[in-house]
Amino acid sequence: MLIVISKAAQTVMPWKNDGGITREIIRCPANSSLDNFEWRISVATVSTAGRFSIFPGIDRSLALTEGGELLISQDARHFTLTSEAPIFEFAGEEQVGSSLLAGPVTDFNVMTRRRLHTHTLHRFAFTGTLCVPHRGHTSAVYIVKGSPHIRQPKSGVVQLAPGDAVLLTAPDQELTLDATEAEIMVTNIFDVSN
């Protein structure tokens, strides 16, 4: 079934290292902590340079959704994250630092516990109609820009806004979005055992 999580219903909380603020879209299981969750999807505001929180055993993907540029440093590797750049993937136990190059930014963050789950993260910009299929354990669609709507046979039209998310949890389910112009992030969570 489709589950809509409005921006207003998402939990605002400090980072694990208290270096910033995160808006948590979903954490699974819901009663888990930041030390024992299986997977988590969130949006963070980065307003000062600093190190990423450490999450041992977690695989992470990061994409910029607002703001200019974020310089990421990982050992000798440097990567500039922009809203057009490829998604940055890294292990949660690694020491990763960041520097702001043009003011505060907002990033979209997916985390999965390595021994239990894997994930994919993709960005799509579209006009008109886009069909998003359910893949894996759970699929999540996050609205970055625009105001797409969903047409559902029983509940009619559901209007979405930036910051809203939609979860797909049933097998063979798909989400059809209509928009004049929109940008979304699509996350797919897979069980390691499958």
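Atom set for the values below is all heavy atoms of this structure, side chains included, hydrogens, waters and symmetry mates excluded. Throughout, residue positions are numbered sequentially from 1 according to the sequence presented.
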task: Find out if a path of hydrophobic residues (ILVMFWY) with successive side-chain heavy-atom gaps under 4.5 Å connects L62 to V46.
output: yes
field: Taking every non-hydrogen atom, the tightest pair across A85 and F79
entry: CB-CZ, 4.5 Å
- request: Give, for atom CE of M13 and atom CG of L34, the distance between the pair rounded to the nearest 0.5 Å.
  value: 4.5 Å
task: Starting at OG of S139, measure out to NE2 of H119 and round the result to the nearest 0.5 Å.
output: 13.0 Å
I21 backbone acceptor or donor facing W15 side chain under 3.5 Å: yes
Show me the side-chain donor-acceptor pairs of residues 49-57 shorter than 3.5 Å, one per line, residues at least two apart or across chains.
unit_1: S53; atom_1: OG; unit_2: N17; atom_2: N; d: 3.2
unit_1: S53; atom_1: OG; unit_2: N17; atom_2: OD1; d: 3.4

query: Which pair of heavy atoms, one from I87 and one from M185, lies closest together, and at what distance?
result: CD1-CE, 4.4 Å
- line: Rounded to the nearest 0.5 angstrom, the OG-CD1 distance for S99 and I72 is 10.0 Å
field: Contact list for residues 170-182, test side chain to side chain donor-acceptor pair (under 3.5 Å), sequence neighbours left out
entry: T129-D178
statement: Sorted by chain and residue number, the side-chain hydrogen bond (donor to acceptor under 3.5 Å, both in side chains) partners of R135 (sequence neighbours excluded) come out as none
query: Hey, quick one: are F190 and V110 part of the same hydrophobic cluster, counting side-chain heavy atoms closer than 4.5 Å, chains of contacts allowed?
result: no
- prompt: Are the side chain of T82 and the backbone of E84 linked by a donor-acceptor contact shorter than 3.5 Å?
  reply: yes
Gap separating the CZ atom of R113 from the CZ atom of R40, nearest 0.5 angstrom: 11.5 Å
message: Taking L121 as the starting point, is it possible to reach I5 by hopping between hydrophobic residues whose side chains are less than 4.5 Å apart?
response: yes
Could you go through residues 159-168 and list every donor-acceptor pair under 3.5 Å that involves a side-chain atom there, pairing it with any protein atom two or more places apart or in another chain?
unit_1: Q159; atom_1: NE2; unit_2: S147; atom_2: O; d: 2.6
unit_1: Q159; atom_1: NE2; unit_2: P148; atom_2: O; d: 3.4
unit_1: D164; atom_1: OD1; unit_2: K7; atom_2: N; d: 2.8
unit_1: D164; atom_1: OD2; unit_2: A161; atom_2: N; d: 2.9

- request: Mind running side chain to side chain contact (heavy atoms under 4.5 Å, CB included) on L64 and F88 for me, showing each step along the way?
  value: CA-CA 9 Å; L64 212 63; F88 179 66; over 6 Å; no
- request: Using side-chain hydrogen bond (donor to acceptor under 3.5 Å, both in side chains) as the criterion, list what pairs up with E183, not counting sequence neighbours.
  value: R123
field: Value rounded to 0.5 Å, distance of CD1 in I41 from CG in N109
entry: 9.5 Å
message: For F126 and L177: C-alpha separation, side-chain torsions, deciding distance, then whether side chain to side chain contact (heavy atoms under 4.5 Å, CB included) applies.
response: CA-CA 10 Å; F126 70 98; L177 296 171; 3.9 Å; yes
- prompt: Between D59 and T112, is any side-chain donor less than 3.5 angstrom from a side-chain acceptor?
  reply: no
task: Drop me the distance from F108's CZ to S42's OG, to the nearest 0.5 angstrom.
output: 8.0 Å
query: Y142, I3: one ILVMFWY side-chain cluster at the under-4.5 Å cut-off?
result: yes
message: Checking the side chain of T65 only, and the main-chain atoms of T106 only, is there a donor and an acceptor separated by less than 3.5 Å?
response: yes
R114 side chain to I58 backbone, donor-acceptor under 3.5 Å: yes
Full working for side chain to side chain contact (heavy atoms under 4.5 Å, CB included) between L70 and L100: CA-CA 5 Å; L70 184 67; L100 295 164; 3.7 Å; yes
Audit row: L130, F124, side chain to side chain contact (heavy atoms under 4.5 Å, CB included) steps and yes/no: CA-CA 9 Å; L130 179 70; F124 295 98; 4.3 Å; yes
task: Could you pull out all residues at least two apart from P29 that satisfy side chain to side chain contact (heavy atoms under 4.5 Å, CB included)?
output: N31, S32, E38
task: Work out which heavy atom in S73 is nearest to a heavy atom in H78; give both atom names and the distance.
output: OG-ND1, 3.1 Å
message: With side chain to side chain contact (heavy atoms under 4.5 Å, CB included) as the test, pick out the partner of V141 among I184, L2, T187.
response: I184
query: With the 4.5 Å side-chain cut-off for hydrophobic clustering, are V4 and L175 part of the same group?
result: yes
